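Single-structure report; data block below.
Remember, it's a predicted structure, so these values are computed and weren't measured experimentally.
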Amino acid sequence: MGGTEARNGTGGTGGTGDAEAREGTVDAGNTQAGDGTGGTHSTEGPGGGPPTPGDAPVTAAGPPPAALTTPRGRRPVVAALMLGMALAAIDGTIVSTAVPQIVGDLGGFTVFSWLFSGYLLAVTVTLPVYGKLSDTFGRKPVLIAGIILFLVGSLLCAAAWNMGALIAFRVIQGLGGGALQGTVQTIAADLYPLKERPRIQAKLSTVWATSAVAGPVVGGLLAGYADWRWIFLINLPVGAIALWLVVRHLHEPARPRPETRPRIDWAGALAVFATGTLLLTALVQGGVAWPWLSAPSLGLFAASAALAALTVAIERRAAEPIIPGWVWRRRTIASVNLALGAMGLLMVAPTVFLPTYAQSVLGLGPIAAGFVLSVMTLSWPVSAALSDRVYNRIGFRLTAIIGMSAALLILLAFPLLPYPGEPWQPALIMLLLGAALGLFQLPLIVGVQSTVGWAERGTTTASVLFCRQVGQSIGAAVFGAVANSVLAARLLDAPAPGLPDDLDAVARALEDPGALSAAATDHLRRAVDTAVDYVYIGAAGAAALALLALVVLAPRRFPVINETDGRPADSSEAR
């Protein structure tokens, strides 16, 4: 019925689609991709042509609610999205610089890493839940709830009386952060048609880049000249402005009343949350709080595997599953999920290990080491903003393949840097890597969001972000083990006894070079250099996995949906 209305222009607001498009209406996508039943194939590629075998069928669904009614009305909503994204983006970097002051005030040095792990867990495991809720009940209530949760968590963090309380309140912050990350990206796709989406995605990328640079500076200033509690308190006015803009300016027209009351898959949500929590806890704490082959690690992995099986069983029976099966049955979405999961894996190399390399091997201070990394965040949004000029000509898949192929070569170039080298050399590597990844990530996000309609876009976006977050957690665990293993092997023939054998301890030892002989210091620096080289080789392997997912699994042409009349895109419109 919905497909007939969309094609014939009858029923609801479907008949005004073309007029609205001429008047500047922001269409949130009038169709949703089918699960393999009925419908027609749409193609994505520069030359049109016949449908690609294996592409997801695209069927028309009834007209969904548009987010806004005029381009002018988008501006305050875009401002709200950027502020909301800034809350989530700056949080990790601003807190990390104040850890010494926090530990000195509250104690709890042995568990302070959970300030980050707890937040990461809460964000990651709630992404699929919020994605489904936004598709069921609309974006606005989910975003409002996320902002409020984040602000409540921030206020509680500022009032924390010990490390345990602060960790618990950081988890509350993370519950809000999950809603912010997923829903902001989904609304961004709702606001703009396909041709304009690079504009908003570039703005959001700029927010992340600015946060990466500004977070450590602001955190250091507040911790050094005020009080670490202000790190959380400054979220309140920023979040309040974002909340006001969302409440005042984000308008989702009333949706048609469903024939049956929407059922929330609470059992599935709880199963997803429990499975993700156990798995990520095993990955984050393994090799840190306990050995990999110890009883806690093995027990957590076994329990997470059992819960994963239970989750699959629950979701198969659920009427409205939190993670529907079509997320993995459709080649386009599944391939993008795997590719961005691999990207999350490789991102651990520059974000986690490059600062250690810059300080331990190059002898730079924390600020200069941060600059070596931050140049990547300068080229990334520029490349992302210009990527539409590439994928409009050659298609989403091929553009992403070019970007990741370049990233693979750049990652392999890092181990070829001379020892000890000059700071500009790794900085140049990171500048090029940012440009390559900008060309890879944005076309995939824009492309996969354009293959689904409004009613599935939240779930699709959340699945992409979820896979990327899980990839980062896996990368931190795997590459941490690789680095420490290589380091321990290199220190077997150390010129002095009693040298540290894990990366963190080596970095701390090199901060006080007077305590070591010249030969021991040089040996430690060379060991760190070799360990980080192996991490970058591993990151290149992750880049190869991303390429494999795109080459083998992704359809040659993404099944793009026409966003003005609810029909599959014509070959002349496809990318």
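A 4.5 Å side-chain heavy-atom check between V464 and R468 finds every atom pair outside the cut-off. Between F414 and L433 there is no side-chain heavy-atom pair separated by less than 4.5 Å. Residues Q441 and M347 fail the side-chain proximity criterion, which asks for heavy atoms closer than 4.5 Å. The shortest distance between side-chain heavy atoms of F273 and T124 does not fall below 4.5 Å. With a 4.5 Å cut-off on side-chain heavy atoms, V535 and Y357 do not count as touching. When side chains are defined from C-beta on, L204 counts as touching Q185, because their heavy atoms get closer than 4.5 Å. Using a 4.5 Å heavy-atom threshold, the side chains of I323 and S463 count as separate. M430 has its side chain within reach of L354: a pair of non-hydrogen atoms, C-beta onward, lies under 4.5 Å apart.
Pairing each heavy atom of L121 with each of G276, the nearest pair is CD2-O, 4.3 Å. The two residues P555 and S335 have their closest heavy-atom pair at CD-OG, 4.5 Å. The two residues V125 and V129 make their nearest non-hydrogen contact at O-CG2, 4.2 Å. Annotation for L87 and G239: closest pair CD1-CA, 3.7 Å, computed over non-hydrogen atoms. Between L364 and P423 the shortest heavy-atom distance is CD2-CG, 3.8 Å. Minimum heavy-atom separation, Y119 to L115: CB-O, 3.8 Å.
Evaluation of the side chain to side chain contact (heavy atoms under 4.5 Å, CB included) rule for S387 yields Y391, L439, L442, P443 as partners, not counting sequence neighbours.
Considering D190, T186, T183 as possible partners of R139, the one that fulfils the side chain to side chain donor-acceptor pair (under 3.5 Å) test is D190. Looking at D388, N392, I394 one by one, the single match for side chain to side chain contact (heavy atoms under 4.5 Å, CB included) with T399 turns out to be I394. A side chain to side chain contact (heavy atoms under 4.5 Å, CB included) with P128 is found for one member of V272, L465, T459 and no other, namely V272.
The aromatic rings of H249 and W244 sit perpendicular to each other, their planes meeting at more than 60°, with 30° as the lower class boundary.
Residue pairs satisfying the side chain to side chain donor-acceptor pair (under 3.5 Å) criterion with at least one member in residues 77-86, sequence neighbours excluded, are absent.
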Problem - Check against side-chain contact (heavy atoms from CB on, under 4.5 Å), T460 and V336 - result: CA-CA 10 Å; T460 300; V336 171; over 6 Å; no
Exercise for the section: Mind running side-chain contact (heavy atoms from CB on, under 4.5 Å) on V77 and V246 for me, showing each step along the way? Expected result: CA-CA 6 Å; V77 178; V246 169; over 6 Å; no
Problem - Derivation and outcome, side-chain contact (heavy atoms from CB on, under 4.5 Å), residues F466 and N337 - result: CA-CA 8 Å; F466 176 77; N337 283 344; over 6 Å; no
Exercise for the section: Go through F396 and V446 one step at a time and tell me if the side-chain contact (heavy atoms from CB on, under 4.5 Å) criterion holds. Expected result: CA-CA 8 Å; F396 296 119; V446 171; 4.1 Å; yes
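Ion pairing of R330 with E456 is present here, as a side-chain N (NZ or NE/NH1/NH2) and a carboxylate O approach within less than 4.0 Å. With respect to the salt-bridge test (charged N to carboxylate O, under 4.0 angstrom), the residues D105 and R229 qualify. A salt bridge between D135 and R457 is absent, with no side-chain N of the basic residue lying under 4.0 Å from a carboxylate O of the acidic one.
To the nearest 0.5 angstrom, F116 atom CZ is 11.5 Å from L120 atom CG. R397 CZ to T332 OG1: the interatomic distance, rounded to the nearest 0.5 Å, is 10.5 Å. Between the CG atom in L250 and the CG atom in L245 there is a gap of 10.5 Å [rounded to 0.5 Å]. The distance from the OG1 atom of T126 to the CD atom of Q181 is 8.5 Å, given to the nearest 0.5 Å. How far SG of C157 is from CD1 of I231: 11.0 Å, rounded to the nearest 0.5 Å. One distance of note links CE of M343 with CG of L345; it measures 10.5 Å at 0.5 Å rounding.
Using a distance-only test at 3.5 Å, with no hydrogens or angles considered, a donor-acceptor pair links the side chain of Y130 to the main chain of L175. Panel note: side chain S134, backbone G131; a donor-acceptor pair is recorded below 3.5 Å. Side-chain N or O atoms of K140 include one that pairs as donor or acceptor with a backbone N or O of V247 at under 3.5 Å. For S360 (side chain) and T356 (main-chain N/O), a donor-acceptor pair under 3.5 Å exists by modelled atom type.
R197 forms no cation-pi arrangement with Y192, by the criterion of a distance under 6.0 Å to the ring centre and an angle within 45° of the ring axis.
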Exercise answer: donor-acceptor pairs, residues 148-156 side-chain atoms, under 3.5 Å, sequence neighbours excluded:
from, atom 1, to, atom 2, distance (Å)
S154, OG, F150, O, 2.9
S154, OG, Q173, NE2, 2.9
S154, OG, N235, ND2, 3.1

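Within 6.0 Å of atom CH2 in W328, more than 12 heavy atoms from other residues, nucleotides or ligands are found, so the atom counts as buried in its surroundings.
Between T461 and Q449, the side chains place a donor N or O and an acceptor N or O closer than 3.5 Å (distance only, hydrogens not considered).
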